[in-house]
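Take a look at the structure set out below.
Below, read A as the first sequence line, B as the second, and so on, with proteins coming before strands; counting in each chain starts at 1. Below, each value reflects all heavy atoms present in this structure, side chains not excepted, and no hydrogens, waters or symmetry copies.
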Amino acid sequence: MIHVDLKGTIKEFEAGVSAADVAKSIGMGLYKSACAAKVNGEVCDLRTALTEDCSLEILTFADEEGKQAFWHTAAHMMAQAIQRLYPEAHFGIGPSLEDGWYYDVGGVKPFTPDDFPAIEAEMKKIAKEDLPVEKKIITLEEGRAMFANQPYKLELLEEYAEKGWELSVYTQGDYTDLCAGPHLMSTGVVKAVKLRQATSAYWRGDSSKDRLCRVYGIAFPKASELEAYVAQQEEALKRDHNKIGRELEYFTTVDSIGQGLPILLPNGSRVIQLLQRWVEDTEQKRGYLLTKTPLMAKRDLYKISGHWDHYRDGMFILGDADDESKECFALRPMTCPFQYQVYLNRKRSYRDLPMRLGETSTLFRNEDSGEMHGLIRVRQFTISEGHLVIRPDQLEEEFRGCLELAKEMLDTLGLGEDVSYRFSQWDPNRKDKYEGTTEQWEEAQGLMKKILDHLGLDYKVGVDEAAFYGPKLDIQIKNVFGKEDTLITIQIDMLLAEKFGMTYVGEDGQEHTPYIIHRTSIGCYERTLALLLEKYAGALPTWMMPTQVEIIPITDRQHEYARKLHEQLEAAGIRVETDYRSEKMGYKIREAQLKKIPYMLVVGDKEMEEGLVAVRARKEEKAGVMTVDAFLAQILKEIATKER
RNA sequence: GCUGCUAUGGCUCAGGUGGUAGAGCACAUCCUUGGUAAGGAUGAGGUCACCAGUUCAAAUCUGGUUAGCAGCUCCA
């Protein structure tokens with residue numbers, strides 16, 4: 001007999017009992033919804049035999065890990081269906097994702113959505129067949145025989161064997177896949193399936209290798225769950241900034257200007273102006289010195305900074321890069337080497353440090369043509385850039401200050417809950433991508449880790465995500481498509497100061513090399529605007545809304561009153577517009593509502609006679625009649641506190 | 001850059017199998033002066049992204065270019 005600890009309750013079972021049998025003994029409901037098990041904290045199949053005392057947790061679709069097993073099995077089912085329909089297919093990898101899974105398929109014509117119904121139908125058949133999913137440990141030789149016709153699987157097999165990993169396969173009916181698991185007990189529970197899209201991906205993520213067709217799918221135990229998911233996805237896409245940002249006239253693009261070069265229309269320009277003023281003022285209060293440096297420089301500067309060697313493909317170069325006999329300029333992709341010149345303007349003392357330099361800085365990056373996306377990924381953008389030149393002993397405090405500032409900004413914008421933190425490190429196996437020595441990197445990363453741990457920040461590590469000059473703390477955010485981008489970054493740089501000959505005279509009278517923190521406080525304005533539009537579906541908080549109030553006179557008789565109102569609000573600093581057109585009131589309200597204008601002030605004869613306004617807020621349709629002063633007090637408070 | 005999809009008036013879209021264009025919204029003018037999400041009439045607006053090719057004939061077929069979308073790779 002063994003003792004199994006089920007979330008605190010100890011039960012006795014025969015040795016060798018399976019996790020599934022334990023689930024059954026607890027209840028058929030749990031047994032039926034079980035996806036996987038967790039034995040002593042390790043996720044495994046429900047078939048796993050328990051041979052000694054252990055803790056056991058039954059994972060269902062409601063658990064993250066149960067879901068992963070569910071989707072992983074569904075991925076195998078999709079591969080199985082594809083194999084039945086396209087026997088020539090070669091399979092790459094097919095992992096589960098945060099929502100659903102994908103499988104990379106080679107050797108076939110790329111799939112299009114037209115091919116999905118047949119594959120989905122075959123998957124449903126596989127579900128109906130209710131095939132048991134069984135695991136088997138194999139030897140390298142067995143694997144070579146099994147996957148003789150599967151070149152990608154063979155490559156993985158050899159690699160796993162080389163690493164000394166246990167080789168295992170999962171079989172369901174006529175399909176066997178190289179896989180570590182865990183998986184469901186059988187294919188029968190995967191009832192509601194939808195293939196989402198087919199795209200392309202490179203084998204092993206390497207653009208020099210084969211192109212595979214990546215098919216994305218999602219599945220649920222119940223059809224109703226799938227329907228809810230699809231509806232939610234459709235809802236999310238309505239918030240796409242690339243759609244509403246154009247509809248609400250925040251930005252546009254023009255073919256002849258070029259990719260990644262959006263035109264900010266008056267609405268977008270206004271929001272960015274408001275954000276910039278706020279950032280610059282906030283930074284000033286935190287001791288930042290404002291700078292304004294050139295947007296381009298001679299090639300010589302980038303040679304010193306390392307950009308010429310490490311970032312040349314990402315730069316717009318004006319002139320012949322290879323002709324050393326002629327002057328050659330490049331638009332700046334980063335502000336660092338320019339802003340350092342401010343520091344270098346005269347000799348610095350330890351008393352000058354920390355020196356916090358801030359700049360609203362426009363940058364140019366020659367992204368590959370497929371990279372652009374609305375306002376999120378562009379070729380020219382403006383960033384709340386800053387560099388802190390500091391003594392080594394000031395590193396932790398200044399780093400914390402940068403993080404506090406970033407968090408303050410995020411919380412004010414309402415994005416604080418939506419971000420995640422990534423500690424971006426270098427990859428010691430790709431040293432050519434980075435400046436500096438292994439020792440320097442280990443020191444910088446060690447210091448950063450210490451600081452992050454001190455701050456108790458919950459972060460993930462990203463290997464090979466660092467800047468070429470140092471490790472980063474990246475504050476990541478997802479767009480409506482679930483794609484993650486960096487919103488804010490704070491970086492430690494122990495290399496560039498030396499390259500630029502930046503020093504300070506210490507208390508000891510000797511020259512020392514400072515550390516530098518590169519950071520943004522709100523990130524790049526275009527990207528931030530994009531994410532705000534998505535977050536609020538266009539209904540930005542009043543304080544940053546391009547038009548805050550729309551005055552709607554009901555008839556011509558109130559035009560004079562409306563004009564006075566307009567002037568009064570404008571004098572109070574409110575961004576107001578008045579709709580003098582001879583349209584019906586309902587029509588004007590509809591338009592203002594679609595434009596997401598926070599407040600509509602409807603004025604008719606009644607209001608005019610009593611000197612009142614009928615206030616209709618975008619978030620609540622019922623109108624409230626009040627005096628102009630009362631309305632002003634309310635909206636001014638909302639703006640001053642940056643209420644969301 | 002790669003793969004797939006796409007490109008018709010400012011916007012959203014119709015235009016089987018080739019015979020040189022249509023709707024709604026928006027816009028303009030006029031009528032309407034109406035109490036919380038679309039009043040009516042009339043009108044203007046398009047070398048069907050661009051460049052070649054096939055054809056008696058191309059919005060429609062083919063190739064290229066540019067741009068847009070998703071994914072990959074890359075990055076703020």
Side-chain angles (χ1 to χ4, degrees), chain A residues 102 104 109-114 196-216 237 240 242-243 246-247 249 252-261 311 313-314 333-335 361 363 365-374 376-379 381-385 424 464-465 467 472 474-477 481-489 491 518-520 522-528 552-559 582-594 600-607 614-618 621-623 625:
Chain A
Y102 67 77
D104 287 344
K109 196 173 129 296
F111 296 119
T112 70
D114 294 341
R196 294 194 295 170
Q197 55 177 345
T199 63
S200 87
Y202 300 108
W203 171 234
R204 318 225 73 178
D206 182 338
S207 55
S208 68
K209 294 192 168 148
D210 291 356
R211 276 174 270 104
L212 304 178
C213 177
R214 177 166 293 178
V215 184
Y216 288 83
L237 293 189
D240 180 5
N242 211 1
K243 189 168 176 297
R246 290 171 195 270
E247 283 169 2
E249 298 195 291
T252 186
T253 47
V254 174
D255 283 14
S256 54
I257 288 183
Q259 272 191 304
L261 297 169
Y311 208 81
D313 288 346
M334 298 175 192
T335 322
S361 172
L363 304 179
R365 297 191 185 175
N366 193 3
E367 304 287 352
D368 287 341
S369 68
E371 311 298 348
M372 264 62 78
H373 172 67
I376 286 185
R377 193 80 183 275
V378 292
R379 279 182 167 145
F381 55 94
T382 299
I383 191 169
S384 55
E385 182 78 278
S424 297
D464 200 23
E465 298 282 359
K472 308 190 285 179
D474 290 322
I475 304 183
Q476 304 289 106
I477 191 158
F481 296 101
K483 184 173 164 75
E484 190 176 275
D485 275 295
T486 301
L487 192 60
I488 293 177
T489 182
Q491 315 169 350
H518 305 231
R519 46 103 270 171
T520 65
I522 202 182
C524 122
Y525 290 98
E526 292 83 349
R527 182 174 285 184
T528 302
I552 300 178
I554 295 179
T555 74
D556 295 354
R557 288 193 300 282
Q558 296 90 32
H559 281 193
S582 63
E583 297 290 348
K584 287 182 78 172
M585 177 198 58
Y587 181 86
K588 295 181 186 176
I589 287 175
R590 178 185 147 83
E591 280 208 338
Q593 190 76 39
L594 291 175
M600 289 163 244
L601 301 186
V602 178
V603 289
D605 287 337
K606 271 191 286 181
E607 287 76 17
V615 182
R616 178 184 164 124
R618 70 178 170 201
E621 287 179 16
K622 59 176 191 281
V625 179

Watson-Crick or G-U wobble mate for [N], both contacts under 3.5 Å:
N: B:A28; value: B:U42
N: B:U66; value: B:A7
N: B:U47; value: none
N: B:C2; value: B:G71
N: B:G53; value: B:C61
N: B:A23; value: B:U12
N: B:A37; value: none

Atom [atom1], compared across [N] and [M]: separation rounded to whole Å:
N: B:G22; M: B:G63; atom1: C1'; answer: 30 Å
N: B:U65; M: B:C5; atom1: P; answer: 16 Å
N: B:A23; M: B:C30; atom1: C1'; answer: 24 Å
N: B:G18; M: B:C61; atom1: C1'; answer: 8 Å
N: B:A58; M: B:U20; atom1: P; answer: 11 Å
N: B:C51; M: B:U66; atom1: C1'; answer: 10 Å
N: B:A21; M: B:U47; atom1: C1'; answer: 13 Å
N: B:G16; M: B:U60; atom1: P; answer: 12 Å

Taking salt bridge (charged side-chain N to carboxylate O under 4.0 Å, His left out) as the test, write out the residues that go with A:Lys243, two or more places apart.
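A:Lys243 satisfies salt bridge (charged side-chain N to carboxylate O under 4.0 Å, His left out) with A:Glu247 once adjacent residues are dropped.
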
Please identify each residue that fulfils salt bridge (charged side-chain N to carboxylate O under 4.0 Å, His left out) with A:Arg204, with sequence neighbours left out.
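Partners of A:Arg204 under the salt bridge (charged side-chain N to carboxylate O under 4.0 Å, His left out) test: A:Glu155, A:Glu159.
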
Measure across [X] and [Y] and return the closest heavy-atom pair with its distance rounded to 0.1 Å.
X: A:Pro553; Y: A:Lys588; value: O-NZ, 3.2 Å
X: A:Ile522; Y: A:Ser384; value: N-OG, 3.0 Å
X: A:Ile488; Y: A:Gly523; value: CG1-N, 3.9 Å

Taking only the side-chain nitrogens and oxygens of A:Gln259, find out if one of them lies under 4.0 Å from OP1 or OP2 of B:U66.
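So the side-chain polar atoms of A:Gln259 never come under 4.0 Å of the phosphate oxygens OP1 or OP2 of B:U66.
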
If a protein heavy atom is under 4.0 Å from the base, mark B; if only from the sugar-phosphate, S; if neither, -; do that for nucleotides 69-76 of chain B going 5' to 3'.
SSBBBBBB

Between protein and nucleotides 34-46 of chain B, map the contacts as a letter string: B base, S sugar-phosphate only, - none, heavy atoms under 4.0 Å, written 5' to 3'.
BBBBBB-------

Would A:Asp485 and A:Arg377 satisfy salt bridge (charged side-chain N to carboxylate O under 4.0 Å, His left out), going step by step from the backbone distance to the final call?
CA-CA 9 Å; A:Asp485 275 295; A:Arg377 193 80 183 275; 5.2 Å; no

Taking ring-ring contact (aromatic ring centres under 6.0 Å, His included) as the test, write out the residues that go with A:Tyr311, two or more places apart.
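Partners of A:Tyr311 under the ring-ring contact (aromatic ring centres under 6.0 Å, His included) test: none.
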
Does A:Gly260 offer a backbone N or O that forms a donor-acceptor pair with the side chain of A:Arg379 under 3.5 Å?
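No; zero donor-acceptor contacts below 3.5 Å.
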
Can any side-chain N or O of A:Arg519 pair as donor or acceptor with the backbone N or O of A:Thr489 at less than 3.5 Å?
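Such a contact is absent between A:Arg519 side chain and A:Thr489 backbone.
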
Just verifying a value: how many Å separate A:His518 NE2 and A:Glu385 CD, rounded to the nearest 0.5 Å?
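One gets 8.5 Å once the value is rounded to the nearest 0.5 Å.
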
Rounded to the nearest 0.5 Å, what's the gap from NE2 on A:His559 to CD1 on A:Ile554? Could you check?
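Taking NE2 in A:His559 and CD1 in A:Ile554, the distance rounds to 11.0 Å.
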
Scan nucleotides 6-8 of chain B against the protein and return all N/O pairs shorter than 3.5 Å with their distances rounded to 0.1 Å.
none

Earlier contact from the 5' end, RNA chain B, for A:Phe111 and A:Val254:
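Counting from the 5' end, the first nearest nucleotide belongs to A:Phe111.
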
